[in-house]
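Some notes on the structure that comes next.
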Amino acid sequence: MKMSNKEAVRKLLGLLKDYKKVIVLVIVCLLISTGLNMCIPLLSKGIMDDGFIGGDKELLIKQVVCSLIIYIIIAMIDVVKEKKRVDIAANIQYCLSEQSFKHLMRIKTDYFSNKNYAEILNNINMDIGNMTSIADDGVFFVVTQAFSMMGGIIGLFILDYRMTLMVLFFIPVKAVIMKCFAKKRKRIMDEFIAESEKLFGILENKKNEFADRQLSVINRQKKLNMLTQWNNITDNVMVHLLTSFIYIVGANLVFDMQLSVGSVFAFITYSTYVTGPISAILNIGYLLSGIIPSTKRYYEFMALEEENGNEENGIKPCFGKLELQNVSFAYEKDKMVLRNVNVAFAKGSKTALIGRNGSGKSTLIGLLLQLYQPTNGSITLSGTDISEMVLKDYRNLVSVVSQDVYMFNTSIRNNICMYKEIDDKIVMEVCENSGLSDFISEVSLDYVVGQNGAMLSGGQKQKIALARALVQNSPIVIFDEATSNTDVYSEQQINGLLHTKLKEKTVIIITHKQEILREADQIILLKDGIVIGTGRYDDLIKSNVDFKDMINMAERY
């Protein structure tokens with residue numbers, strides 16, 4: 001459901017509700033600062049009229065010292081005010097980042113089907129950055145700047161009502177111009193966000209389109225930057241135009257002896273008190289036009305359905321037989337990927353899944369991990385439906401070694417232990433079991449692997465992934481195509497583990513390697529989402545034509 005602009009603004013303002021006391025302190029600071037600022041133009045008037053023109057040196061020095069003291073006090077108040085504002089902005093950014101990360105960890109898996117991690121993280125970071133600007137000086141203090149404007153208007157009327165009317169005429173003119181800029185910026189910002197999503201959406205899969213999309217995003221970024229510059233230039237031109245009128249009209253009044261020279265300069269200072277906040281107030285629409293689209297997208301992301309973790313009412317899982325009973329699954333309606341699958345994984349058994357691409361092997365693993373829920377049927381562990389179990393506890397029973405292994409840009413130790421405190425003796429033991437010990441002896445456990453394992457070979461990454469699974473000591477271990485790129489030594493290593501380290505564990509392997517298939521207690525053959533054969537290697541190679549064809553094909557490649 002799309003969020004309205006009004007609701008987006010309400011969400012933005014809601015980010016500030018926890019900082020009411022700080023905001024009150026800031027307002028008090030601004031009130032004091034405004035009162036002191038009101039005195040400066042009057043002191044400047046006295047310095048000019050009584051000091052320079054009147055020739056009263058002693059009075060001039062006193063008024064200059066007073067002005068200096070006031071400026072120092074205002075500066076100290078501004079430091080306090082700015083520190084509080086920066087704290088608020090930092091806290092808002094932290095809270096938004098934290099809640100988006102937690103939500104990302106719990107979100108349903110189908111969200112990731114058509115998005116890659118670069119696109120997701122880019123959108124989140126850009127939206128948080130834009131939303132945090134609600135605490136920028138130009139937005140957050142726009143209401144409090146009204147105090148300065150009110151003080152400035154009072155000062156203007158004290159000096160001369162005729163020139164005050166000229167300054168006030170400036171307000172509606174500026175409002176019309178700012179509204180035009182805000183409307184145009186909102187349109188370009190919407191286009192920029194849409195193009196950014198498309199750009200990162202094709203980053204991995206359609207590299208030939210990347211250059212065109214990137215150029216489109218850059219062009220819109222240029223338009224946004226130029227629009228900001230035009231907005232600033234227009235603001236400066238109008239302020240200088242107003243100042244020029246004040247000089248001309250003020251000069252005529254001075255020549256007619258209706259106004260002093262000091263009053264003209266004081267009037268210009270007071271006019272900046274009015275025009276400065278006016279620019280900020282009128283720029284709110286302009287600034288929000290960039291924030292609101294990001295706010296909408298961020299909260300639409302936060303509204304996406306999360307996984308049901310069953311933390312409160314879930315059943316504690318108990319390791320035992322894992323069974324699929326009449327399980328069917330479809331990613332889209334009427335497009336079944338699995339049909340009436342009945343499979344049992346006995347406690348401590350070793351099972352191999354085999355089938356051509358698209359047969360449903362990875363989908364079956366996804367169902368076992370509760371990344372998806374069956375369209376029909378049920379999956380049970382020790383006779384209890386896994387959907388009724390505490391999700392976190394259930395997943396802690398399972399370790400996965402996949403074909404695509406992600407490595408964090410940190411040490412080998414952290415990539416194996418996943419930042420848990422695990423004794424080095426245990427870590428070295430799993431390194432030995434995974435065939436990683438020779439490499440460790442060369443570089444040590446503190447060797448930094450680079451971004452996504454850039455400093456490692458493919459085989460080394462697979463061994464670290466295997467060690468990562470072994471160190472968790474989970475009772476269920478799944479190899480999802482993890483053996484497809486392994487060498488003969490690694491295959492022998494895994495075969496050896498099936499009889500040693502993994503002997504008491506339930507092991508499920510997606511593989512076409514004959515050496516591993518021969519060791520399996522059962523082989524499950526999938527074709528077009530249907531189980532077309534189960535049994536041991538020797539039985540299937542004799543009786544199942546499809547299995548024999550797949551083995552022959554695997555040998556050729």
Side-chain angles (χ1 to χ4, degrees), residues 318-323 343-355 361 364-365 368-369 381-382 396-403 405 416-417 422-423 425-441 458-525 533-542 544 547 550-551 554-555:
C318 178
F319 176 48
K321 183 171 75 169
L322 189 60
E323 188 171 8
V343 173
F345 305 95
K347 181 179 179 180
S349 65
K350 311 296 179 280
T351 302
L353 297 178
I354 186 171
K361 304 186 300 296
L364 193 150
I365 297 299
L368 291 176
L369 294 172
L381 178 65
S382 299
N396 282 338
L397 294 179
V398 186
S399 291
V400 181
V401 185
S402 63
Q403 183 178 10
V405 184
I416 292 174
C417 302
I422 299 176
D423 190 273
K425 183 179 179 181
I426 298 175
V427 177
M428 288 306 300
E429 182 182 340
V430 298
C431 287
E432 181 72 32
N433 291 330
S434 64
L436 193 62
S437 54
D438 289 343
F439 181 64
I440 296 296
S441 64
Q460 288 164 348
K461 289 172 70 173
Q462 284 290 337
K463 289 172 183 177
I464 289 176
L466 177 56
R468 181 188 289 173
L470 293 175
V471 83
Q472 304 304 321
N473 199 28
S474 303
I476 302 172
V477 181
I478 296 174
F479 294 85
D480 187 0
E481 300 278 10
T483 62
S484 59
N485 296 318
T486 54
D487 53 27
V488 174
Y489 174 77
S490 298
E491 290 176 27
Q492 292 173 348
Q493 196 83 17
I494 294 173
N495 280 341
L497 288 174
L498 295 178
H499 299 287
T500 55
K501 187 76 174 178
L502 303 177
K503 184 176 181 180
E504 304 299 324
K505 302 181 185 299
T506 300
V507 181
I508 302 170
I509 309 176
I510 297 178
T511 184
H512 291 82
K513 302 282 187 180
Q514 287 194 63
E515 293 79 3
I516 297 175
L517 291 172
R518 292 177 188 276
E519 299 295 327
D521 297 323
Q522 69 169 341
I523 299 170
I524 297 169
L525 178 60
T534 58
R536 295 185 66 88
Y537 180 88
D538 293 336
D539 298 328
L540 289 174
I541 200 72
K542 294 176 183 177
N544 194 297
F547 179 73
M550 267 185 268
I551 294 300
E555 284 183 341

Lys505: partners by salt bridge (Lys or Arg N to Asp or Glu O under 4.0 Å), with sequence neighbours left out =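 Lys505 satisfies salt bridge (Lys or Arg N to Asp or Glu O under 4.0 Å) with no residue once adjacent residues are dropped.
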Apply salt bridge (Lys or Arg N to Asp or Glu O under 4.0 Å) to Lys321 and list each qualifying residue two or more places apart in sequence or on a separate chain.
->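 So Lys321 forms a salt bridge (Lys or Arg N to Asp or Glu O under 4.0 Å) with Glu323.
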Please report the shortest heavy-atom distance between [X] and [Y], naming the atom on each side.
X: Arg468; Y: Val471; value: O-CG1, 3.3 Å
X: Val401; Y: Ala469; value: CG2-CB, 3.4 Å
X: Asn396; Y: Ser474; value: O-OG, 3.3 Å
X: Lys501; Y: Leu470; value: CG-CD2, 4.0 Å
X: Cys417; Y: Val427; value: SG-CG2, 3.5 Å
X: Cys431; Y: Ile416; value: SG-CD1, 3.7 Å

Run the side chain to side chain contact (heavy atoms under 4.5 Å, CB included) check on Thr534 and Val343 step by step: do they pass?
-> CA-CA 9 Å; Thr534 58; Val343 173; 5.6 Å; no
Between atom [atom1] of [X] and atom [atom2] of [Y], what is the distance when rounded to the nearest 0.5 Å?
X: Ile508; Y: Leu322; atom1: CD1; atom2: CG; answer: 5.5 Å
X: Thr511; Y: Leu353; atom1: OG1; atom2: CG; answer: 10.0 Å
X: Leu381; Y: Lys347; atom1: CG; atom2: NZ; answer: 10.0 Å
X: Gln462; Y: Leu466; atom1: CD; atom2: CG; answer: 8.5 Å
X: Ile422; Y: Glu429; atom1: CD1; atom2: CD; answer: 12.0 Å
X: Ile478; Y: Ile365; atom1: CD1; atom2: CD1; answer: 4.5 Å

Leu369 and Val400: CA distance, side-chain angles, deciding distance, side chain to side chain contact (heavy atoms under 4.5 Å, CB included) verdict | CA-CA 9 Å; Leu369 294 172; Val400 181; 3.7 Å; yes
Who passes side chain to side chain donor-acceptor pair (under 3.5 Å) against Ser382, sequence neighbours left out?
->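 If we apply the side chain to side chain donor-acceptor pair (under 3.5 Å) test to Ser382, skipping adjacent residues, there are no hits.
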What pairs of donor and acceptor atoms, side-chain ones from residues 518-525 against any protein atom, are under 3.5 angstrom apart with sequence neighbours left out?
unit_1 : atom_1 : unit_2 : atom_2 : d
Arg518 : NH2    : Gln514 : OE1    : 3.4
Glu519 : OE1    : His499 : NE2    : 2.6
Asp521 : OD2    : Lys350 : N      : 2.8
Gln522 : NE2    : Ala344 : O      : 2.7
Gln522 : NE2    : Thr351 : OG1    : 3.1

Determine, step by step, whether Leu498 and Ile509 satisfy the side chain to side chain contact (heavy atoms under 4.5 Å, CB included) criterion, reporting the C-alpha distance in whole Å, the side-chain angles of both residues, the deciding distance to 0.1 Å, and the verdict.
-> CA-CA 11 Å; Leu498 295 178; Ile509 309 176; 4.2 Å; yes
Is it true that a side-chain atom of Thr506 and a backbone atom of Gly348 form a donor plus acceptor pair closer than 3.5 Å?
->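 Yes; at least one donor-acceptor contact below 3.5 Å.
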Under the ring-ring contact (aromatic ring centres under 6.0 Å, His included) test, residues paired with Phe345 that sit two or more places apart =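 Here no residue qualifies.
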Who are the side-chain contact (heavy atoms from CB on, under 4.5 Å) partners of Ile541, not counting sequence neighbours?
->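 Checked Ile541 against side-chain contact (heavy atoms from CB on, under 4.5 Å); matches are Tyr537, Phe547, Lys548, Ile551.
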